[in-house]
2 protein chains.
Amino acid sequence: MSTSEKIAKDARRAGNILKTISNENRSKVLYKIHDELKAHANAIQEANKLDLQTARETGLADSLVKRLDLFKGDKFDTMLQGIKDVAELPDPVGKVNFAREIDEHLTLYQVTAPVGVLLVIFESRPEVIANITALAIKSGNAGILKGGKESINTFREMARIIDGTIAQNESQTGVPVGSVQLIETREDVSDLLSQDEYIDLVVPRGSNALVKNIKSSTKIPVLGHADGICSVYLDEDADLEKAKRIVLDAKTNYPAGCNAMETLLINPKLNNWCEVLESLARKGGVTLHATTDVKQAYLKSLEKSGHLDEELESKLVDVDESKDFDGEFLSLDCAVAFVSSTQEAIQHINLHSSKHTDCIVTENTPNAELFLKGVDSAGVYWNASTRFADGFRYGFGTEVGISTSKIHARGPVGLDGLVSYQYQLRGNGQVASDYQGAGGSRAFVHKDLDVSHVSL
Amino acid sequence: MSTSEKIAKDARRAGNILKTISNENRSKVLYKIHDELKAHANAIQEANKLDLQTARETGLADSLVKRLDLFKGDKFDTMLQGIKDVAELPDPVGKVNFAREIDEHLTLYQVTAPVGVLLVIFESRPEVIANITALAIKSGNAGILKGGKESINTFREMARIIDGTIAQNESQTGVPVGSVQLIETREDVSDLLSQDEYIDLVVPRGSNALVKNIKSSTKIPVLGHADGICSVYLDEDADLEKAKRIVLDAKTNYPAGCNAMETLLINPKLNNWCEVLESLARKGGVTLHATTDVKQAYLKSLEKSGHLDEELESKLVDVDESKDFDGEFLSLDCAVAFVSSTQEAIQHINLHSSKHTDCIVTENTPNAELFLKGVDSAGVYWNASTRFADGFRYGFGTEVGISTSKIHARGPVGLDGLVSYQYQLRGNGQVASDYQGAGGSRAFVHKDLDVSHVSL
C-alpha cells in the first residue's frame, strides 16, 4: 500500500466514525483546539518566523511573504475566533430535507450526511489549517490537509497541536485520531489525487494555477473555481445611474477578486452608454479594452461632448479578442463589447464566462427574466454588483469556497457544501413483495410530511 | 474540431436555449413526439424486426434479444405512456429552494436549473431512447444519446421521427433542434467522454460492465451505479419473524436487482438466528456462502433440532472471502458472516458495500440510530427490505437511475437528479462598496423568507 493510499484509507475509517459523533462533541473538540492553539501561540509564532525567514532568503515575492505571516495584524486572533464561529454554527448534519410516508409505519427521510473524506490543498496561508480543521470536523468529514512547502514549519507546529488535542480528547468526545491528517510536502499531491476510491471531494485553496492544475489531474470532484470571468450586461432599458454605480463597483471595489467584472457588454441602443465608460475610466482609473466598434462610437461621442482628453484616451486600448474575453485581468482593466440584444448577451456570456456570476442592468422585466433563466452561471444578477457573490454577503456564516462546477454546490459555498444526503427508510418489517409492482397487491401511500414537524 | 466536439458544442448551445423554454412548451413537444412515434409504429416495428433478425443471426444471447424486442407484450405502449407521464410531471426547473432578503429590495433566491448537457449511453433496450428524450427535454437539459449497435435500425428510425418532430415544432415551441442528438455507433464513446468542457453529466443505462467502463474513462460526473452490494444486518435484538421476512424478500424477490441483498451479517447473540438461514435456504432456495464459524454453528444447531437434511446441506457452501463480500451474486446466493456488534456491522458494510442500500433489523432503537448514522450508503434502512430502494417505491414518479456517487444525487434518482441550482440576486442598483466588509457601513439584513409565499 502506498503512503497516500494509507492516508486516504485512514481518513475514510476516521470519517466513518466521525459521522456518528454528536454535534456537541464535534464542537467541543473545536473549542479545545481553539484553546490549545491559543495557549501555544508563542511556539507557533517561532515556527512562523522560521518560514518567513526562509521565504525572504529564497526571494519569495512580497505578496506571498505577507500571506505567510500568521501574526500580521490581528490575523492569528481572527483565525482563533473563526474556529469558535464554526463551532457555534447550527449542525449541518442530520437535517431532514424531506419526509414521506411510503405506507403505514414505513417512512422515508432524506437526511443530510457528511460527504466523507475531504482533501484540502492549499498554498502559503497557514491560517487555512485551522479554518479547514474546523469546517471538516464540524461537518463530520475527515480531512486530509496538504499545505505548501513555504509554510512547512508553521504547519508542522500547528499540526502537532491539533493532532495532540484530538488524541487527548478522543476518549471524551469520540472524535477519532485521523479525523484531520496534516500531510507534509513530501507526499506527492498526484498520489493523493488518484485516491478516488477513498477521497470524495477536493477543495483547493489558492491560486488559479493551483486549482487548474488540480482540476486537470483528478477524477475526484473539485469544489472551487479556477477563473472568475464575470460579465455585466447593460441592456437597452438600463437605468444609466444604476449602470454607472454597478459597473464601477463590480470592477473597482476589489479588482483581484474572483467576483470582479472582467467583461462589460453594452447594448448600443442604451442612451448615453458612453457615460458609463467615461465614469469607469475617469472615476475608476480603468483601462478599457474595447472592440473596434465600441472604440469608434465612444471616441466619436467624447469628441461630440467635448470630454475627450489625454486621460480618457490613455485609458482606451484595443481588445485582444483571442484572449481578453476568456480570461481574468484581476486588475483595473476591462474588456468591452457591443451586443445587440439580451439574447446575444446571454450567448456571449455562456460562451466566454467561467460560470461564476453575471449581471444584467435593466428596467425591462422580460429582458431581466430571460437573462436570469438563460445565463448558465452559478450567480445570475439583476441590477446588483457581481461583488455580492460571496459567502459572507449571502449570509452563509462561513465560506468553504466558491464553486463553478455544475453539480453539487454552486457559487459561494457554506458548510452545506460539505454535506450530501442519505435516504433513511424506517419500517416495521415491511417487504417489497407485499406491494404492487413486486408481486403483491398493497398500494403505496406516498404522502409527504411537513418536515418542520419531523424530528429524528 | 472533432465530430464529438461538434456534437457536444451543439448540445451546449441547444441546452442554453432549452433552459429558457417554458414548462408548457417543453411538455408540448413531448406530446408531439408521443403522437408521432405512435403514428409511425409500423415503421419502427419493421426496423426493430431487422435488429432482432441480425441479433439472432449473430447468436446474441436470448436475454439480450428479449431486451431488444420493442414490441414484446405491451412494451411499446408502455414506452409511449411513459412519455406522457413525464410530460405531466411538475416542472423540475425554476423551483425556489430558498429565498433570503439580503437588504431592502435586494433578495437572493436559490432556484433549480438544468444541469446542462447530458450524455446518455445505453445498450440494447431501444425504449430508453424515448424515455431519455422525455426526461432530458422535461428537465431542460440537452441530451446526447448513444445507443448500442444491436439496436441500430430501431434507433435510427426513432431518431428520425424524434428529430423531425422537434424540428417541425421548433418555431411554435422554441425547443431547438439539437436538444436531443441521437448518435449512431460510429462515433467513439471515448471521444464523447472526453468532452468534459461541454458535457455536464453522464448517465449510463446498462450492464455493470458498461457503467464500470464509463466510470473509469471519464472526468465527467457519472450518475449511476456499477454494483449493488446490499447487506442486511440482524442485530442481537432483532425480531426473528421480521428478520425472516425481510431477508427472504431482500434476497429472493428479484435476485438480479441491484437492490437485492448480497450479504447477510448476523449477530450470533440473536436467539434462534439459525431459523433465518433455514428459511432462506428452504423457502427461498438460497445457497448460503458462509464463513467457517457460521457454518459450524449452523450445522450444530440443525443437528440439535433434527432439521439437518440433504436439502439444507446442499445449500451450504464455504464463502470465498477474497471476493464474495465484494461483489454481486445476482442469483439465489448469499454471503453470510458473523459480526459481534452494530459497530462491527457498520465497519463491515462501509468496507465492503457499494454504498447502495443497507439494512439493520432490530428492535433496539440506539443500535438502529447508530446504524442509520454510521453506514455510509445512499440508503440506510431500519426494519425494511432493501428492495424498497427504487424510484417508483420512493414515489419519484419516474426514475432516472440509482446513484452510488457521494455527491449530487444519491440513491434512486428522479427528475430532480437532472437539475442543479443557480443563485438569482434581484436588486435595485445596489453595490457591494456601500456595505460592511467592502468599504461601506451598511449592514446586511439576511432575513430568510418563506419560500411557499415566493413566486418568481
Side-chain angles (χ1 to χ4, degrees), chain A residues 16 19-20 100 102 106 108 115-116 200-201 219 221 239 241-242 245-246 248-249 253-254 346-347 350 370 372-374 376-385 387-388 392-395 406-408 410-411 420-433 435 437-439 444 446, chain B residues 16 19-20 100 102 106 108 115-116 200-201 219 221 239 241-242 245-246 248-249 253-254 346-347 350 370 372-374 376-385 387-388 392-395 406-408 410-411 420-433 435 437-439 444 446:
Chain A
N16 282 333
K19 87 193 272 291
T20 68
R100 177 175 293 162
I102 300 292
L106 183 67
L108 182 72
V115 161
D200 301 300
L201 197 62
K219 290 178 59 183
D239 175 296
E241 288 314 307
K242 287 181 192 169
R245 278 167 51 78
I246 288 171
L248 193 67
D249 184 83
N253 183 244
Y254 181 54
I346 294 170
Q347 277 165 21
N350 285 340
L370 180 64
L372 297 179
K373 278 200 115 176
D376 189 24
S377 300
V380 282
Y381 287 15
W382 179 14
N383 286 344
S385 168
R387 287 277 300 144
F388 284 108
F392 166 68
R393 288 164 205 162
Y394 278 13
K406 295 289 295 287
I407 64 165
H408 191 59
R410 295 187 78 183
S420 174
Y421 61 78
Q422 296 180 286
Y423 286 104
Q424 291 188 358
L425 184 65
R426 293 164 179 250
N428 194 22
Q430 288 87 343
V431 295
S433 54
Y435 291 85
F444 290 104
H446 290 154
Chain B
N16 282 334
K19 87 193 274 287
T20 67
R100 178 173 292 161
I102 299 292
L106 183 67
L108 182 72
V115 161
D200 299 301
L201 197 61
K219 290 178 60 185
D239 175 295
E241 289 313 307
K242 287 181 191 168
R245 280 167 50 78
I246 287 171
L248 194 66
D249 184 84
N253 182 246
Y254 181 52
I346 294 170
Q347 276 165 19
N350 284 341
L370 181 62
L372 297 179
K373 277 198 117 177
D376 189 24
S377 299
V380 285
Y381 285 17
W382 178 14
N383 287 344
S385 167
R387 287 276 300 142
F388 284 108
F392 166 68
R393 288 166 204 160
Y394 279 13
K406 297 291 293 289
I407 62 163
H408 190 57
R410 294 187 78 183
S420 174
Y421 61 78
Q422 295 181 287
Y423 286 104
Q424 290 188 0
L425 185 64
R426 292 165 180 251
N428 195 21
Q430 288 87 346
V431 295
S433 53
Y435 291 85
F444 289 105
H446 291 153

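Residue numbering restarts at 1 for every chain, and letters A, B, ... go by the order of the sequence lines. Computed from heavy atoms alone, side chains included, the values below leave out hydrogens, waters and symmetry copies. On a predicted model such as this, the values are computed, not experimentally measured, just so you know.
- The closest donor-acceptor contact from the side chain of B:K373 to the backbone of A:K19 lies at 3.5 Å or more, if one exists at all.
- Using a 4.5 Å cut-off on side-chain heavy atoms (C-beta onward), B:Y423 and A:F388 make no contact.
- Most heavy-atom pairs under 4.5 Å with chain A: of the set B:S385, B:G439, B:G411, B:G395, this distinction falls to B:G395.
- Under the 4.5 Å side-chain criterion, counting only non-hydrogen atoms from C-beta, A:K242 is in contact with B:N428.
- Listed by chain and residue number, A:D200, B:D376 satisfy the salt bridge (charged side-chain N to carboxylate O under 4.0 Å, His left out) test with B:K406 (two or more places apart in sequence, or in another chain).
- In this structure, chain A has heavy atoms under 4.5 Å from both the backbone and the side chain of B:I407.
- A donor-acceptor pair is defined here as one N or O able to donate and one able to accept, closer than 3.5 Å; no such pair exists between the side chain of A:R410 and the backbone of B:Q422.
- Heavy-atom distances place both the backbone and the side chain of B:F392 under 4.5 Å from chain A.
- Between the side chain of A:N253 and the backbone N or O of B:A438 there is at least one donor-acceptor pair closer than 3.5 Å.
- Under the ring pair (Phe, Tyr, Trp, His ring centres under 6.0 Å) criterion, B:Y254 pairs with no residue, sequence neighbours left out.
- Using a 4.5 Å cut-off between heavy atoms, B:R393 touches chain A through backbone and side chain atoms alike.
- In terms of modelled atom types and a separation under 3.5 Å, the side chain of A:R100 and the main chain of B:Y394 share a donor-acceptor contact.
- Contacts between B:L106 and chain A at a heavy-atom distance below 4.5 Å involve the side chain alone, from C-beta outward.
- With a threshold of 4.5 angstrom between heavy atoms, B:L108 approaches chain A through side-chain atoms but not through N, CA, C or O.
- For B:H446, the part sitting under 4.5 Å from any heavy atom of chain A is the side chain, from C-beta outward, and nothing else.
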